[in-house]
Amino acid sequence: SYKFWSTQPVMKFGESQDKPIEEGPLKVQKIEDIPTEPAPLGVQGFDWVTMDLTQESQLKEVYELLNGHYVEDDEAMFRFKYSTSILQWALMPPGWKKEWHVGIRGGKSLCAFISAVPVQMRIRGKSIKGSEVNFMVVHKKLRNKRLAPVLIKEITRRCNLEGVWQAIHTAGIVLPKPASTCRYYHRALNWQKLWEVGFSPLPPNSKPAYQIRKYAVPDQTSTRGLREMQLKDVGAVQSLLKRYLDKFELTPEFTSEDVEHWLLNKNGKTGDQVIWSYVVEDANKQITDFFSFYCLESSVINNQKHQVVRAAYLFYYATEAGLTAPFDPKATKVRLNALIADALILAKRYKFDVFNALSLMHNGLFLEQQKFGPGDGQLHYYVFNYRLNPIAGGVDKKNRL
Ligand code: YNC
Ligand code: MG
């Protein structure tokens, strides 16, 4: 039915199934036609608010709302626990706008939130000034009252007022219409704990001791020249990443400020580290490879022994081995496996329990060999107000893998 989504400028199921379509915006509007005030909430005691996340107290309010009410798995065993440092990182990148941190207060308490951050995105050949919408949440007691469409329309209005007409967002649920669909893969680092919290099953005919041995990793990394990324690497990493992302159909276009923000560990304002980035520097001082992962904990909802699972999420990476002409899938596979094997070692060293990755970019080249297993979650990617041909998850546009 999609009572709300059928009114929005998004693609319909069945569209662009058979033959390629011309890509571009669905609905074209002018800023002067966009209302300058939000639609009234129409409920006594509930008000729109713009959150100021530079204020510790307001950041904390968003943190608390998400911590109690944000995304859970289907069986309600785990719930994402975004730290205040990760929220600062995710919600205040270069060009961030306070007006795009939108809340609803009922009396004094924050009971709903939605956000957007600016992103320059490239869809196949076209560069688009867009936004990325994330962290939509409604307090559990206010669910199923059609507040989500109200939040979505308000963030759309605020984007439109800034001349932003396209947006990207992801969800576990199916809406009209995914631009791409990926699967989550998980690689146990602390198998015993993952088993105790009910995340990893004990396969039939296996024993805990066998599983623990299966997922053990060496103490030391093995790639020569691997070291932590530093400020002086930003330019080299930006150019390497740009050339690498050029192989894919839907990507961000990062300025050097973006690379610095998204990849360089500044050790958070509150002290806990969000992002881990490593480069490989060769004998000629050239940066030939890099990889990164970020930290996102999940609360374990009902467990005596464990409160949180500490997960590393594979973020951006690139390697010169994948940039030869013609593309050399074998060499790329060998190099990516070496890099990801080292990423697992580092994640283990920093006490992560699990390493997660999606079936995108060239991840298909290492997931199996590095002992990742498919999860039951899918992640759908959506592009708002844009007509496009489907993007295959984890498929390189020139080299089907
Ligand atoms: C969702 N995740 O289909 P229809 S992801 C989009 N994304 O509409 P109600 C969603 N739409 O089917 P509730 C959605 N979830 O009738 C539901 N919907 O057309 C649609 N969960 O609204 C749904 N966070 O208020 C239906 O539902 C309508 O009270 C129903 O609220 C939903 O952040 C929600 O999973 C998700 O807090 C807020 O369940 C609530 O249930 C909740 O009756 C736990 O809503 C946390 C959670 C979602 C994480 C995320 C990305 C959000 C993207 C939103 C779309 C942005 C479009 C681009 C806008 C900018 C454009 C420009 C320029
Ligand atoms: Mg609702």
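We count ligands from 1, going down the list as the structure has it; atoms in each ligand are counted the same way. We use all heavy atoms of the structure for the numbers below, so side chains are in, but hydrogens, waters and symmetry mates are not.
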Subject >> Backbone N/O of Val383 and side chain of Gln166: donor-acceptor pair under 3.5 Å >> reply: no
**OP:** Specify side chain, backbone, both or neither for Ile173, according to which of its non-hydrogen atoms lie closer than 4.0 Å to ligand 1.
**Re:** side chain
**OP:** For ligand 1, indicate whether the residue Phe4 contacts it via side chain, backbone, both or neither (heavy-atom separation under 4.0 Å).
**Re:** both
**OP:** Look at the side chain of Ser6 and the backbone N and O of Tyr2, then say whether any donor-acceptor pair between them is shorter than 3.5 Å.
**Re:** yes
Original post:
Side chain, backbone, both or neither: which part of Lys145 has a heavy atom under 4.0 Å from ligand 1?
Top reply: backbone
Original post:
Between the side chain of Asn284 and the main-chain N/O of Gln286, is any donor-acceptor distance below 3.5 Å?
Top reply: no
Original post:
Counting heavy atoms only, which part of Ala148 comes closer than 4.0 Å to ligand 1: side chain, backbone, both or neither?
Top reply: both
Original post:
Any N or O of Ile114 that comes nearer than 3.5 Å to an N or O of ligand 1?
Top reply: no
**OP:** Below 4.0 angstrom from a heavy atom of His69, which ligand 1 atoms are there? Numbered from 1 as shown, please.
**Re:** 44 (C), 46 (C)
Subject >> Protein contact for atom 48 (C) of ligand 1 (heavy atom, distance under 4.0 Å) >> reply: yes
Subject >> Non-hydrogen atom of Ile168 closer than 4.0 Å to ligand 1 >> reply: no
Original post:
Counting N and O atoms only, with roles assigned by atom type, does the side chain of Asn302 sit under 3.5 Å from a partner on the main chain of Met77, one being a donor and the other an acceptor?
Top reply: no
Subject >> Distance under 6.0 Å and angle within 45° of ring axis: Arg310 vs Phe352 >> reply: yes
**OP:** Specify whether Tyr294 and Phe315 have parallel, tilted or perpendicular ring planes, treating 30° as the upper limit for parallel and 60° as the lower limit for perpendicular.
**Re:** perpendicular
Original post:
Salt-bridged, Lys193 to Glu196, with N to O below 4.0 Å?
Top reply: no
Subject >> Val133 neighbourhood, listing ligand 1 atoms whose heavy-atom distance to it stays under 4.0 Å >> reply: 51 (C), 53 (C), 56 (C), 58 (C), 59 (C), 60 (C)
Original post:
Mind checking whether Tyr382 and His380 have parallel, tilted or perpendicular rings, split at 30° and 60°?
Top reply: tilted
Original post:
What atoms in ligand 1 come closer than 4.0 Å to a heavy atom of Cys159?
Top reply: 62 (C), 63 (C)
Original post:
Would you find a donor on one side and an acceptor on the other, under 3.5 Å apart, between the side chain of Arg79 and the backbone of Tyr70?
Top reply: no
Original post:
Can you tell which of Met136, Lys140, Glu154 gets a heavy atom nearest to atom 10 (C) of ligand 1?
Top reply: Met136
Original post:
Identify the closest protein heavy atom to atom 11 (N) of ligand 1: which residue and atom is it, and at what distance?
Top reply: Trp5 NE1, 3.1 Å
Original post:
Should the proximity of His169 to ligand 1, defined as any heavy atom under 4.0 Å, be assigned to the side chain, the backbone, both, or neither?
Top reply: side chain
Original post:
Which atoms of ligand 1 sit under 4.0 Å from any heavy atom of Leu147?
Top reply: 25 (O)
Subject >> Per-atom contacts of ligand 1 with Thr170, taking only distances under 4.0 Å to non-hydrogen atoms >> reply: 5 (S), 51 (C)
Original post:
Using 30° and 60° as the class limits, which term best fits the ring planes of Trp276 and Phe293: parallel, tilted or perpendicular?
Top reply: parallel
Original post:
What atoms of ligand 1 come within less than 4.0 Å of a heavy atom belonging to Ala167?
Top reply: 58 (C), 60 (C), 61 (C), 62 (C)
**OP:** Have a look at ligand 1 and work out which part of Tyr382, if any, has a heavy atom under 4.0 Å from it: side chain, backbone, both or neither.
**Re:** neither
**OP:** Have a look at Leu175, Asn134, Leu142 and point out the one with the heavy atom closest to atom 6 (C) of ligand 1.
**Re:** Leu175
Subject >> Residue Val137 vicinity, atoms of ligand 1 by number, heavy atom under 4.0 Å >> reply: 37 (O)
